[in-house]
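Lettering of chains follows the sequences in order, A, B, ..., and the numbering in each one begins at 1.
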There are 2 protein chains.
Amino acid sequence: MATGTDNNRYRHQKQLAIRSAASVFAEKGFHGASTKDIAERMGIKQGSLYYYFKSKEEALGEVCLFGIEEYVLHMKKIATSDQPFESKLMATITSHLSSYRERNEALKVHNDERLYLPEDKRAKLKELGSSYRQQLEAIFEEGARTGALRNSIDCHFAAQAVIGMCNGWGDNIVRDPDLDLFDIIQKCTDLVLNGFVERRKKKRDGSEAVATENSQ
Amino acid sequence: MATGTDNNRYRHQKQLAIRSAASVFAEKGFHGASTKDIAERMGIKQGSLYYYFKSKEEALGEVCLFGIEEYVLHMKKIATSDQPFESKLMATITSHLSSYRERNEALKVHNDERLYLPEDKRAKLKELGSSYRQQLEAIFEEGARTGALRNSIDCHFAAQAVIGMCNGWGDNIVRDPDLDLFDIIQKCTDLVLNGFVERRKKKRDGSEAVATENSQ
DNA sequence: CCGAAATTCTATAGAACTATAGAAAATTGT
DNA sequence: ACAATTTTCTATAGTTCTATAGAATTTCGG
């Protein structure tokens with residue numbers, strides 16, 4: 001049986017099933033994808049897919065979970081580490097954008113298709129997602145507390161804005177594998193910290209200088 | 001016939017058809033929506049819908065066009081106006097976010113479902129979309145040229161980042177009609193200009209002061 | 001109020017899709 | 001190599017969907 005024992009073959013094939021489903025869902029959307037598509041990408045026949053998933057909807061649920069789970073764990077590690085604020089922010093953005101490049105399909109499916117799941121199957125995902133946002137908020141709160149950021153900052157807004165921006169880039173990253181990830185990461189971080197307006201910085205000797213942190 | 005004459009009834013019903021399609025596509029996605037759903041929302045029977053659209057796909061095309069057309073026109077007006085840079089940026093963000101609130105469904109469909117259209121039907125949309133991005137890029141270029149922004153700025157990056165951030169908020173705005181749009185607009189503009197780091201500003205008298213432009 | 005044109009309806013062909021059942025094949029432990 | 005178990009296959013019932021055809025109804029200018 002396929003119960004949670006350590007059957008190697010099953011685990012391997014189940015992973016393949018989830019990744020095949022992720023791939024097809026990412027490409028065609030949940031409703032646009034057929035179980036036949038998924039099975040074919042996996043190399044089995046349509047009916048056989050039901051050995052791994054009770055239903056197409058359950059497949060979506062597992063893909064979404066797979067897409068966000070590790071990613072949130074990684075976020076938690078960053079948030080609870082003892083790096084300075086700026087490093088945490090950059091690590092967050094790096095994690096977010098790299099996830100798109102490496103595991104892009106399942107994460108994309110989570111972001112774009114999860115609302116086709118019934119309420120009860122979405123509960124766990126909601127939990128993970130808002131845990132993610134809270135971790136990010138906490139990072140901003142820390143930044144404000146330690147004086148790295150203005151103390152007038154709205155941390156909830158900040159978290160949402162960063163997530164939105166990263167997701168926006170995510171779409172581009174998935175579509176265009178030639179994009180320079182590191183370049184985008186740097187520029188995103190710099191934007192969030194400093195904005196685009198020319199910034200004058202106190203130098204050690206007390207004089208002022210233009211801070212050109214990111215000259216292409 | 002329904003040819004482009006000034007038939008009032010037809011034009012009215014056609015608008016209704018497009019908005020019904022937009023509504024259903026926004027809710028269920030292109031593939032998740034059926035022509036029956038659309039017809040019912042419009043108040044007619046399934047088969048009658050084909051009087052207005054040659055196919056479901058064509059309906060998607062018209063919804064997407066409807067969703068982005070006016071919006072891009074508005075952007076062009078902003079870009080070619082003679083406001084100062086900061087006003088243009090804020091007007092852009094305002095336009096973007098307000099579009100979501102007012103015409104959210106068709107715009108959401110354009111953003112989320114347009115890639116299910118075949119290449120040829122997407123050509124016009126691509127044109128409009130990249131025209132939009134170019135207008136925004138031009139605004140940033142102007143900002144850099146006039147000294148309002150650092151001259152090291154990557155305008156293509158800037159445009160993409162702002163669009164991504166706005167789209168991210170768009171999803172939230174559609175889902176939660178209680179959000180304070182003006183508040184978000186201000187904070188987004190401030191973020192893009194100044195970032196979250198505490199900023200010191202030359203005051204007229206030459207002394208320095210902390211600029212707290214956005215205190216919740 | 002008549003006749004033409006526009007709009008909607010009913011009915012259906014034909015295709016595709018999900019999920020299930022039971023047979024067949026492959027794998028594994030002994 | 002045998003028997004039990006796991007995995008895949010074939011076949012199909014039952015549903016839903018798109019698109020079309022032709023009939024029926026509504027609208028509207030004169």
How many Å lie between NE2 on B:His12 and P on C:dT8, as a whole number? 11 Å
To the nearest Å, give me how far apart CD1 (A:Ile38) and C1' (C:dC17) are. 12 Å
Any base atoms under 4.0 Å from A:Ala33, or only sugar-phosphate, or nothing? Heavy atoms, all strands. sugar-phosphate
Where each residue is assigned the nucleotide of DNA chain D containing its nearest heavy atom, which of B:Tyr50 and A:Gln13 is assigned the position nearer the 5′ end? A:Gln13
Expressed in angstrom and rounded to an integer, what is the separation of B:Glu58 atom CD from D:dA19 atom P? 10 Å
Is any side-chain nitrogen or oxygen of A:Ser48 closer than 4.0 Å to OP1 or OP2 of D:dC9? yes
Any side-chain to backbone donor/acceptor pair from B:Lys14 onto B:Tyr52? Under 3.5 Å, distance only. yes
Report the distance from atom NZ of B:Lys36 to atom P of C:dT12, rounded to the nearest whole Å. 17 Å
With a 3.5 Å cut-off and just heavy-atom distances, do the side chain of A:Gln46 and the base of C:dA19 make a donor-acceptor pair? yes
Length of the CZ-P vector between A:Arg9 and D:dT8, whole Å: 6 Å
Between C:dT18 (C1') and A:Lys54 (NZ): distance, integer Å: 13 Å
Is there a side-chain polar atom (N or O) of B:Thr35 under 4.0 Å from OP1 or OP2 of D:dC17? no
Please work out if A:Tyr52 contacts a base, only the sugar-phosphate, or nothing of the nucleic acid, heavy-atom cut-off 4.0 Å. sugar-phosphate
Side-chain atoms of A:Ile44 come closest, of D:dC9, C:dT20, C:dC17, to D:dC9
From CZ of B:Arg11 across to P of C:dT7 the rounded distance in Å is 12 Å
Please work out whether the ring planes of B:Tyr51 and B:Tyr10 are parallel, tilted or perpendicular, with thresholds of 30° and 60°. perpendicular
Given C:dT18, D:dT18, D:dT8, which nucleotide is nearest the side-chain atoms of B:Lys56? D:dT18
Measuring from atom CG of A:Asp154 to atom CG of B:Asp190, what distance do you get when rounded to the nearest 0.5 angstrom? 11.5 Å
Is there a donor-acceptor pair under 3.5 Å between the side chain of A:Asp171 and the backbone N or O of A:Gly168? no
Tell me: OH of B:Tyr51 to P of D:dT20, nearest whole Å? 16 Å
Report the relative orientation of the aromatic rings in B:Tyr71 and B:His96; use parallel for angles under 30°, tilted for 30 to 60°, perpendicular for over 60°. perpendicular
